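Down below is the structure, laid out as structure tokens.
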Amino acid sequence: MSGQSRAPPASDGITPLQQMVASCSGAILTSLFVTPLDVVKIRLQAQKNPFPKGKCFVYCNGLMDHICVCENGNSKAWYKAPGHFSGTLDAFIKITRSEGIKALWSGLPPTLVMAVPATVIYFTCYDQLCAALRVKMGNRAQEAPLLAGAIARVGSATVISPLELIRTKLQSQKQSYRELTDCIRSAVETEGWLSLWRGLGPTLLRDVPFSAMYWYNYENSKRWLCEWYNTREPTLTITFISGALSGSVASIVTLPFDVVKTRRQVELGELQAKNLLCQVSSSTFSVMSRIVAEGGFAGLFAGFFPRLIKVAPACAIMISTYEFGKAFFRKHNQERTLGPLQTSNT
């Protein structure tokens, strides 16, 4: 036996730390590609219906949704910048010309503080769980991605939910960290620890089914495409197509939950901005009933196309980058293992 104390590789030939690095690089690249789409969408929304003081809107960097609160009296905020746009392409061109290309990533850095760690936790947990479940489940190993995806999403969302609540409070009320600590302590004393996970229910209602379907469809479509192209290892093209297809299917099926989640997120953010969290926001069922009453069942599928063109490329870029990173580390580990053997043989 060797006396080396090298960390044991994961079941797919890489260590958990290497999985984290691969998912981190994928998260950053995804946010850089997808954020401009959401920045333009928000600017077009603000042009049509200017955001009043304390109004909330949803900002997506391709990794997760964040609630942003319009800052009190701040006319210089990026989402209030002047401009008249006739459409999406026109907005891209005019924002780049008048404000510089960096304006397309407005508001991104503060959201990455939580979105990147959440993505790292999620992808690393999924891979570790899936590998373990495939061993445990035996003949039903093909169902492991379904269960691993759901559990990994519950874990990452539960960890991040209190931090997102704190971020929204900091943004909306401009409190010092000491004031924020006192506020959180007071909320916990009066409402209990569960108050820190307010709004987690609608998030899980959308994200857990999405994650379970996404990973199950991704693993199966990746395997099918590998057989189709007669290759043992998935190429960048195969992972990109598999990610886009599985992300599209999952986003369509879970769209009603996304509409409800967005509505509840905005309601909670606006209550928080007005310091009215003692008031109970609408339940998920009542929000769903209100949406149906206002716009019929079609209201639950509002924003179908915008969600699809945002989710499909985000899933494709994230998973293909992640798989590319894992393939790089796998090859690196193999070369490190084979190097000393080849030297000793010569």
Side-chain angles (χ1 to χ4, degrees), residues 23 27 56 58-67 111 114-130 133 143-169 187-188 191-218 246-269 271-272 277 280-292 300-303 307 310-311 314-315 318-319:
S23 57
C56 288
V58 177
Y59 177 97
C60 179
N61 52 26
L63 305 172
M64 61 185 288
D65 296 335
H66 302 270
I67 284 294
T111 66
M114 274 169 295
V116 171
T119 305
V120 169
I121 293 168
Y122 172 48
F123 275 78
T124 306
C125 285
Y126 167 77
D127 263 345
Q128 295 294 312
L129 281 167
C130 195
L133 287 169
E143 297 170 18
L146 197 75
L147 191 56
I151 296 170
R153 177 57 78 185
V154 170
S156 63
T158 304
V159 169
I160 292 299
S161 187
L163 300 177
E164 179 67 4
L165 198 72
I166 290 167
R167 186 195 68 83
T168 310
K169 201 167 191 67
V188 169
E191 302 174 60
W193 283 100
L194 288 178
S195 63
L196 296 178
W197 282 269
R198 199 188 301 269
L200 178 62
T203 300
L204 294 180
L205 189 64
R206 181 198 70 171
D207 289 359
V208 172
F210 179 96
S211 184
M213 279 187 284
Y214 171 77
W215 285 110
Y216 182 77
N217 290 330
Y218 170 73
S246 53
S248 299
V249 171
S251 68
I252 292 167
V253 174
T254 59
L255 182 58
F257 300 133
D258 180 65
V259 172
V260 172
K261 181 213 174 202
T262 302
R263 181 78 70 93
R264 272 208 78 192
Q265 264 191 318
V266 170
E267 282 184 3
L268 280 169
L271 282 174
Q272 192 166 325
L277 272 180
V280 180
S281 66
S282 305
S283 67
T284 301
F285 180 75
S286 64
V287 171
M288 190 174 284
S289 301
R290 198 187 321 145
I291 291 169
V292 172
L300 294 173
F301 291 89
R307 175 163 162 77
K310 181 172 66 179
V311 171
C315 289
M318 179 67 218
I319 196 65

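Remember, it's a predicted structure, so these values are computed and weren't measured experimentally.
Pairing each heavy atom of Ala152 with each of Leu129, the nearest pair is N-CD1, 4.0 Å. For Thr254 against Ala250, the heavy-atom pair with the smallest separation is OG1-O, 2.7 Å. Of all the heavy atoms in Leu300 and Val259, the pair that sits closest is O-CG2, 3.3 Å. The minimum heavy-atom distance linking Ser251 with Val311 is given by the pair CB-CG1, 3.8 Å. The two atoms that bring Ala314 and Gly62 nearest to each other are CB-O, 3.7 Å, heavy atoms only. Here the shortest heavy-atom pairing between Ile160 and Met114 reads CD1-O, 3.9 Å.
With sequence neighbours excluded, no residue forms a side chain to side chain donor-acceptor pair (under 3.5 Å) with Ser156. Remark: Tyr122 engages Ser211, Trp215 in a side chain to side chain donor-acceptor pair (under 3.5 Å) (not counting sequence neighbours). Remark: Arg206 pairs with Asp65, Asp258 by the salt bridge (charged side-chain N to carboxylate O under 4.0 Å, His left out) rule, at least two apart or across chains. Applying the ring pair (Phe, Tyr, Trp, His ring centres under 6.0 Å) criterion to Tyr59, with sequence neighbours excluded, gives Trp78. With sequence neighbours left out, the side chain to side chain donor-acceptor pair (under 3.5 Å) criterion links Thr111 to Asn61.
A side chain to side chain contact (heavy atoms under 4.5 Å, CB included) with Asn217 is found for one member of Ser248, Ser246, Pro145 and no other, namely Ser246.
Sorted pairs that involve residues 144-156 and meet salt bridge (Lys or Arg N to Asp or Glu O under 4.0 Å), not counting sequence neighbours, are lacking altogether.
A 4.5 Å side-chain heavy-atom check between Phe123 and Ile319 finds at least one atom pair inside the cut-off. Considering only heavy atoms from C-beta on, Tyr126 stays 4.5 Å or farther from Ser23 through its side chain. Here the side chains of Cys125 and Ile151 are not in contact, with every heavy-atom distance at 4.5 Å or above.
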